[in-house]
Asks: 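The structure that follows is given in the form of structure tokens.
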2 protein chains.
Amino acid sequence: MSVTRKKPVKASAESTSAKVRAAGLRPTRQRIALAGLLFRDEDRHVTAEALHEEAAKAGVRVSLATIYNTLHQFTQAGLLNEVVVDSGRAYFDTNIGDHQHFYVEENGALIDIPGETIGISNVPTPPKGMAVDRVDVVVRIKRA
Amino acid sequence: MSVTRKKPVKASAESTSAKVRAAGLRPTRQRIALAGLLFRDEDRHVTAEALHEEAAKAGVRVSLATIYNTLHQFTQAGLLNEVVVDSGRAYFDTNIGDHQHFYVEENGALIDIPGETIGISNVPTPPKGMAVDRVDVVVRIKRA
DNA sequence: AATCTCTTTTGAATTGTTCTAAAGTGTTGA
DNA sequence: TCAACACTTTAGAACAATTCAAAAGAGATT
Ligand SMILES: [Mn+2]
Ligand SMILES: [Mn+2]
Ligand SMILES: [Zn+2]
Ligand SMILES: [Zn+2]
């Protein structure tokens with residue numbers, strides 16, 4: 001049988017608030033609204049600017065500074081992961097499980113590659129006194 | 001016997017100029033000086049700002065705009081590779097062979113991992129109409 | 001409700017990079 | 001050898017992404 005990861009099908013405002021609180025953060029209007037946008041459906045990848053626009057469209061007034069604060073707090077709380085694929089802007093990922101990405105250089109889109117898919121072997125031992133924090137694999141793709 | 005990659009042991013001003021010319025670029029004072037710094041010894045990883053400071057220390061007057069122009073031109077000419085490990089600044093690598101990196105988050109240092117070391121298998125097929133451009137692996141390390 | 005602490009906001013500040021347009025330099029071929 | 005042209009460099013402005021500061025606002029606790 002295949003190991004299927006449970007997706008949060010539909011998070012209520014209640015559980016959203018609880019999720020924020022469980023992360024050790026006060027469930028403020030802004031944090032609840034952003035968590036609602038981020039975690040209501042499928043896993044997703046957002047930039048600060050994109051989330052800001054999305055919030056605006058959803059009628060939620062949140063400053064850009066708060067978007068940045070929130071993304072970083074959620075990341076620190078383990079609710080989000082940061083994905084580094086571009087030396088110009090930061091992406092945040094609601095999929096916090098072990099997985100990799102396709103990165104479409106042309107339009108900046110990220111596509112998840114399930115964690116069991118790619119095999120990575122023989123990662124060398126880090127220099128003395130250092131330990132592996134994380135191994136990131138980015139498959140850059142472009143129009144064939 | 002082991003396959004040892006040839007390192008450019010010591011590039012003369014002559015050959016540096018030739019290298020720039022061979023890349024289809026006019027061997028200007030700035031480009032020759034920067035190529036000299038970049039390719040004289042071992043493979044290295046630089047940021048624009050770091051190369052700018054290094055040039056200044058070496059007594060070469062080059063504007064930051066020229067550093068950026070040159071790094072991009074060298075990259076486009078295949079003399080350098082860009083390495084994406086930080087969403088805040090761009091790194092350029094004089095090692096253009098297939099290889100991966102350790103990235104020391106603490107101080108921004110990059111350490112090469114030879115191309116034959118890490119094994120990557122089962123890279124999935126990209127979406128229709130797309131092709132793999134490159135697979136990047138970054139091993140993020142921190143103090144143990 | 002009073003109070004305390006944590007948050008949000010606005011706008012300025014910073015950082016990294018790109019752009020502009022004017023001045024300078026490499027190349028070519030009389 | 002040098003004029004003429006194309007390509008380069010430069011300073012500084014402009015931009016984009018992100019962070020910071022200080023003051024106003026809002027959750028939590030009593
Ligand atoms: Mn670039
Ligand atoms: Mn930036
Ligand atoms: Zn992802
Ligand atoms: Zn390298």
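A, B, ... follow the sequence lines: proteins, then strands. Residue 1 opens every chain.
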Asks: I want to confirm an ordering. Mapping A:Thr66 and B:Thr47 to their closest nucleotides on DNA chain C, which one lands closer to the 5' end?
Replies: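 First, find each residue's nearest nucleotide; the 5'-ward one identifies A:Thr66.
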
Asks: Take the protein atom CD of B:Gln73 and the nucleotide atom P of D:dT8, then report the distance between them rounded to whole Å.
Replies: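 After rounding, the gap between these two atoms is 6 Å.
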
Asks: Could you tell me how far apart A:Leu25 (CG) and D:dA28 (P) are, to the nearest whole angstrom?
Replies: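 Answer to the nearest Å: 12 Å.
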
Asks: State which of D:dA6, C:dT17, D:dA11 makes the closest approach to the side chain of B:Arg26.
Replies: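 Between D:dA6, C:dT17, D:dA11, the one nearest the side chain of B:Arg26 would be D:dA6.
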
Asks: Give a yes or no answer on whether the side chain of B:Arg29 reaches the backbone of B:Val60 with a donor-acceptor pair at less than 3.5 Å.
Replies: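 Here the side-chain-to-backbone pair does not exist.
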
Asks: A:Arg31 side chain to A:Arg26 main-chain N or O, any donor-acceptor pair under 3.5 Å?
Replies: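 Looks like yes, one N/O pair under 3.5 Å.
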
Asks: Just wondering, are more than 12 heavy atoms of other shown residues or ligands nearer than 6.0 Å to CZ in A:Arg143?
Replies: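 No, not enclosed.
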
Asks: Ignoring backbone atoms, test whether A:His72 places a side-chain nitrogen or oxygen under 4.0 Å from the OP1 or OP2 oxygen of D:dT18.
Replies: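 Checking A:His72 against D:dT18: no side-chain N or O falls below 4.0 Å of OP1 or OP2.
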
Asks: Starting at atom CD of A:Gln76, determine the distance to atom P of C:dT7, rounded to an integer number of angstrom.
Replies: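 Rounded to the whole Å, the gap is 12 Å.
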
Asks: Tell me the interatomic distance from A:Ile67, atom CD1, to D:dA17, atom C1', rounded to whole angstroms.
Replies: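 Checked: the CD1 to C1' distance equals 14 Å.
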
Asks: Side chain of B:Val62, heavy atoms from C-beta onward: which of C:dT8, D:dA28, D:dT10 has the nearest atom to it?
Replies: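 Selected nucleotide (nearest to the side chain): D:dT10.
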
Asks: Pick the closest DNA chain C nucleotide for B:Leu64 and for B:Arg21 by heavy atoms, then say which residue is nearer the 5' end.
Replies: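 The 5'-side residue here is B:Leu64.
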
Asks: Under 4.0 Å: is that the gap between some side-chain N or O of A:Thr28 and OP1 or OP2 of C:dT7?
Replies: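 Checking C:dT7 against A:Thr28, no side-chain N or O comes under 4.0 Å of OP1 or OP2.
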
Asks: Whole Å only: how far is the CG atom of B:Leu71 from the P atom of C:dG16?
Replies: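 Spelled out: CG on B:Leu71 to P on C:dG16 is 15 Å.
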
Asks: To the nearest angstrom, how far is A:Arg29 atom CZ from C:dC6 atom C1'?
Replies: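 Spelled out: CZ on A:Arg29 to C1' on C:dC6 is 16 Å.
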
Asks: Take a 6.0 Å sphere around CD of B:Gln76 and say whether it holds more than 12 heavy atoms from other residues, nucleotides or ligands.
Replies: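 Result for CD/B:Gln76: open.
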
Asks: For A:His52 and C:dT9, give me the distance from atom NE2 to atom P, rounded to whole Å.
Replies: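 Taking atom P of C:dT9 as the reference, NE2 of A:His52 is at 8 Å.
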
Asks: Would one find a side-chain N or O of B:Tyr68 under 4.0 angstrom from OP1 or OP2 of C:dT17?
Replies: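 Yes, because at least one side-chain N or O of B:Tyr68 sits under 4.0 Å from OP1 or OP2 of C:dT17.
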
Asks: Between B:Arg61 and D:dT10, is there a side-chain N or O to OP1/OP2 distance below 4.0 Å?
Replies: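 Result: no.
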
Asks: Could you give the CD1-to-P distance, from B:Ile32 to D:dT8, as a whole number of Å?
Replies: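 Whole-Å distance recorded here is 13 Å.
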
Asks: Hey, does A:Arg89 reach any base, or is it just sugar-phosphate, or nothing, if we go heavy atoms under 4.0 Å?
Replies: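 Sugar-phosphate, backbone atoms only, no base.
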
Asks: For C:dT9, does either OP1 or OP2 sit under 4.0 Å from a side-chain N or O belonging to A:Gln30?
Replies: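 For C:dT9, OP1 or OP2 has a side-chain N or O of A:Gln30 closer than 4.0 Å.
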
Asks: Of B:Ser87 and B:Arg31, whose nearest nucleotide on DNA chain D comes first from the 5' end?
Replies: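 Nearer the 5' end of the strand: B:Arg31.
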
Asks: Are the side chain of A:His72 and the backbone of A:Tyr68 linked by a donor-acceptor contact shorter than 3.5 Å?
Replies: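 Yes; at least one donor-acceptor contact below 3.5 Å.
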
Asks: For the side chain of B:Asn69, counting heavy atoms from C-beta on, which of D:dT9, D:dA11, C:dT10 is nearest?
Replies: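 So the nucleotide nearest the side chain must be D:dT9.
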
